[in-house]
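Below is one structure; the comments refer to it alone.
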Amino acid sequence: MPKEYCEKQTISFREKVYKAVKKIPKGKVMTYGQVARVIGSPRAFRAVGNALDSNPDIEHVPCHRVVKSDGNPGGYRYGTKKKLSLLKREEVVIKDRRVVI
DNA sequence: GTCGTGACTAGCC
DNA sequence: CGGCTAGCCACGA
């Protein structure tokens with residue numbers, strides 16, 4: 001069940017995540033670990049997924065550009081299939097249902 | 001204040 | 001090489 005978007009709820013670590021994801025250039029993808037590392041918590045890749053789970057700026061934060069370290073789509077609130085479709089629609093190279101970083 | 005969950009990663013067997 | 005376990009961070013109840 002949707003826990004609704006908590007835009008006004010506590011945000012601190014998440015804010016960094018959104019910022020980092022927003023900085024992802026078009027046609028490129030980043031891994032959860034990479035994002036976590038960029039924000040200063042290389043071991044918070046778990047929280048990264050958590051933050052994107054309540055992505056308040058789904059339209060501004062290209063969470064679909066965030067994939068697993070293996071290039072696997074990982075997960076997507078709106079369907080992993082859609083994620084790959086979106087990536088393919090961009091300039092991201094998809095190979096065998098996996099993202100090429 | 002404590003436990004459980006989640007879109008993960010790395011190490012170990 | 002392949003599968004599994006443990007660990008990690010943040011948030012909700």
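Just so it is clear: chains get the letters A, B, ... in the order the sequence lines come, proteins before strands, and each one is counted from 1. These numbers come from a predicted model, not from an experiment. Note: hydrogens, waters and symmetry copies are ignored here, and every other heavy atom, side chains too, is used.
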Review point. So A:I94 and A:V92, side chain to side chain contact (heavy atoms under 4.5 Å, CB included) or not? Walk me through it.
Key: CA-CA 6 Å; A:I94 306 295; A:V92 182; 4.1 Å; yes
Exercise for review: Would you jot down, in residue-number order, the residues of residues 61-69 of chain A having a non-hydrogen atom under 4.0 Å from DNA chain B?
Suggested key: A:C63, A:K68, A:S69
For the student: nearest non-hydrogen atoms of [X] and [Y], plus distance:
X	Y	result
A:N55	A:I58	OD1-N, 3.4 Å
A:T80	A:G75	CG2-CA, 3.9 Å
A:A47	A:F13	CB-CE2, 3.3 Å
A:A44	A:A36	C-CB, 4.0 Å
A:A20	A:V35	CB-CG1, 4.0 Å
A:L87	A:H64	CD2-O, 3.1 Å

Review point. For A:F45, what residues pass the ring-ring contact (aromatic ring centres under 6.0 Å, His included) criterion, not counting sequence neighbours?
Key: none
Set of residues satisfying side-chain contact (heavy atoms from CB on, under 4.5 Å) with respect to [X], sequence neighbours excluded:
X	result
A:K81	none
A:V100	A:V93, A:K95
A:K22	A:D57, A:H60, A:V61

Tell me: [atom1] of [X] to [atom2] of [N], nearest whole Å?
X	N	atom1	atom2	value
A:R14	C:dG12	CZ	C1'	10 Å
A:Y76	B:dA7	OH	P	14 Å
A:N55	B:dG6	CG	C1'	15 Å
A:Y18	B:dA7	OH	P	14 Å
A:R37	B:dT9	CZ	P	14 Å
A:I58	B:dA7	CD1	P	14 Å
A:L52	C:dA10	CG	P	14 Å
A:L86	B:dA7	CG	P	18 Å

Cut-off 3.5 Å, no hydrogens considered: what does the side-chain donor-acceptor table look like for residues 66-73 of chain A, sequence neighbours left out?
| unit_1 | atom_1 | unit_2 | atom_2 | d |
| --- | --- | --- | --- | --- |
| A:N72 | OD1 | A:R98 | NH1 | 2.8 |

Tabulated below should be each protein N or O lying under 3.5 Å from an N or O of nucleotides 3-9 of chain C; please produce it.
| unit_1 | atom_1 | unit_2 | atom_2 | d |
| --- | --- | --- | --- | --- |
| C:dG7 | O6 | A:R46 | NH2 | 2.8 |
| C:dC9 | O2 | A:A47 | N | 3.3 |

For residues 25-33 of chain A, which side-chain N or O atoms pair as donor and acceptor with protein atoms under 3.5 Å away, sequence neighbours left out?
| unit_1 | atom_1 | unit_2 | atom_2 | d |
| --- | --- | --- | --- | --- |
| A:K26 | NZ | A:E91 | OE2 | 3.4 |
| A:T31 | OG1 | A:Q34 | N | 3.1 |

Practice item. Check whether any side-chain N or O of A:R65 sits under 3.5 Å from a backbone N or O of A:V21 as a donor-acceptor pair, and report yes or no. Key: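 Side chain of A:R65 to backbone of A:V21: no pair is present.
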Practice item. Mind listing the residues from residues 91-101 of chain A sitting with a heavy atom below 4.0 Å of DNA chain C? Number order is fine. Key: none
Practice item. Determine which bases of DNA chain C form Watson-Crick or G-U wobble pairs with both distances under 3.5 Å, and write the result as a 5' to 3' dot-bracket string with | for other-strand partners. Key: .||||||.|||||
Practice item. Taking the side chain as every heavy atom from C-beta outward, state whether A:N50 and A:L52 have any pair of such atoms under 4.5 Å apart. Key: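 The answer is no, as the side chains (C-beta and beyond) never meet within the 4.5 Å cut-off.
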**Study point:** Residues forming a side chain to side chain donor-acceptor pair (under 3.5 Å) with A:R37, sequence neighbours excluded
**Key:** none
Atom pairs under 3.5 Å, N or O on each side, protein against nucleotides 11-13 of chain B: can you list them with distances?
none

